[in-house]
Amino acid sequence: MTTSASLPTGPEDAITGGGTVTDRLVEANERYAGAFTDPGMDARPVLRVAVVACMDARLDLHAALGLELGDCHTIRNAGGVVTDDVIRSLTISQRKLGTRSIVLIHHTGCGLEALTEDFRNELELEVGQRPAWAVESFRDVDQDVRQSMQRVRTSPFLLHTGDVRGFVFDVRTGLLREVDPA
């Protein structure tokens, strides 16, 4: 498998020609826009599903789930944690854009398994300000998926909590394993 990460890019944070990674992305967008045609979609996902997943670069959610552009709302953060901001996005997704199902995806080998809340203390010592957010680190990925499902199911802001399912994506095999909510 070839990824953009496996392509030679020269010095750290630079691309051939002396530009930055951001320059490379902007150039790619210009090529994309040159062939772009408006698909005529609106913001409502065709499958009426929202997927909450980790931001890990190894997870190609659309490919892994057989999704196409316009099929779902995708919400990603470190760990795929159901935070207040995720609840905000899910609430808008359901109440204003018609989603009815929620899929939560964590994964094996997550970086949050190696962190602790001490990370916040370290940041406070370094920058002189304690972050208002929690790290949300965990040791048991299945239990963390269960906790995320519970946060979704008990949110008073979400109208549709009957179809909430949680999974662990195996980064070595590409397979999803469903987590029993019990």
Side-chain angles (χ1 to χ4, degrees), residues 1-99 101-115 119-120 122-124 126-137 148 167 169-174 176:
M1 173 168 88
T2 301
T3 66
S4 61
S6 65
L7 299 175
T9 59
E12 186 177 325
D13 295 331
I15 62 171
T16 306
T20 66
V21 171
T22 303
D23 292 332
R24 178 177 163 189
L25 299 176
V26 171
E27 290 167 10
N29 174 255
E30 289 170 359
R31 290 188 300 277
Y32 171 80
F36 183 79
T37 55
D38 181 357
M41 299 176 180
D42 66 17
R44 291 182 294 263
V46 173
L47 298 179
R48 298 170 57 152
V49 63
V51 178
V52 179
C54 185
M55 67 185 191
D56 192 296
R58 296 172 289 181
L59 278 65
D60 183 349
L61 292 175
H62 277 77
L65 300 174
L67 296 169
E68 299 293 330
L69 181 67
D71 282 349
C72 72
H73 284 159
T74 305
I75 304 161
R76 295 181 79 159
N77 66 24
V81 176
V82 175
T83 62
D84 286 346
D85 193 60
V86 168
I87 293 294
R88 178 187 70 86
S89 294
L90 288 172
T91 300
I92 293 167
S93 178
Q94 284 191 353
R95 291 178 177 261
K96 297 299 179 185
L97 298 167
T99 59
S101 300
I102 299 172
V103 174
L104 306 171
I105 301 177
H106 289 37
H107 65 91
T108 58
C110 184
L112 285 186
E113 292 176 282
L115 287 177
F119 180 64
R120 293 174 67 218
E122 294 164 8
L123 285 172
E124 182 178 16
E126 180 183 330
V127 302
Q129 181 178 340
R130 186 171 185 79
W133 39 263
V135 174
E136 298 275 356
S137 60
S148 292
F167 300 85
F169 177 86
D170 188 315
V171 298
R172 300 220 186 285
T173 67
L176 287 176

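For clarity, every value in this text was computed on a predicted model and none was experimentally measured.
Counting only heavy atoms from C-beta outward, the side chains of H73 and S89 never approach each other to under 4.5 Å. Using a 4.5 Å heavy-atom threshold, the side chains of L65 and I105 count as touching. At a threshold of 4.5 Å between non-hydrogen side-chain atoms, the residues C72 and V49 count as touching. No side-chain heavy atom of D85 sits under 4.5 Å from any side-chain heavy atom of N77. A 4.5 Å side-chain heavy-atom check between D56 and C110 finds every atom pair outside the cut-off. Side-chain contact between R76 and L61: present, with at least one pair of heavy atoms (C-beta onward) separated by less than 4.5 Å. Within the 4.5 Å cutoff, no side-chain heavy atoms of L67 are placed close to those of T74. Looking at heavy atoms from C-beta onward, M41 lies out of side-chain contact with V46 at the 4.5 angstrom threshold.
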Next on the checklist: Working note: V52 + V81, criterion side chain to side chain contact (heavy atoms under 4.5 Å, CB included); need CA distance, chi angles, decisive distance, verdict.
Outcome noted: CA-CA 8 Å; V52 179; V81 176; over 6 Å; no
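A distance-only check finds a donor-acceptor pair linking the side chain of R120 to the backbone of W133 [under 3.5 Å]. D23 places a side-chain N or O within donor-acceptor distance of the main-chain N or O of T20, the cut-off being under 3.5 Å. The backbone N or O of E124 lies less than 3.5 Å from no partner atom in the side chain of R130, so there is not a single donor-acceptor pair. Formation of a donor-acceptor pair under 3.5 Å by the S93 side chain with backbone atoms of T99 is not found in this model.
Sorted by first and then second residue, the ring-ring contact (aromatic ring centres under 6.0 Å, His included) pairs with a member in residues 22-60 read Y32-F36; sequence neighbours excluded.
Of all non-hydrogen atoms in C54 and L59, the two that sit nearest each other are O-CD2, 4.3 Å. Residues G79 and L112 come closest through the heavy atom pair CA-CD1, 3.5 Å. Taking each heavy atom of L90 and A50 in turn, the nearest pair found is CD2-CB, 3.6 Å.
Take D42 and apply the salt bridge (charged side-chain N to carboxylate O under 4.0 Å, His left out) test, not counting sequence neighbours, and it matches R44.
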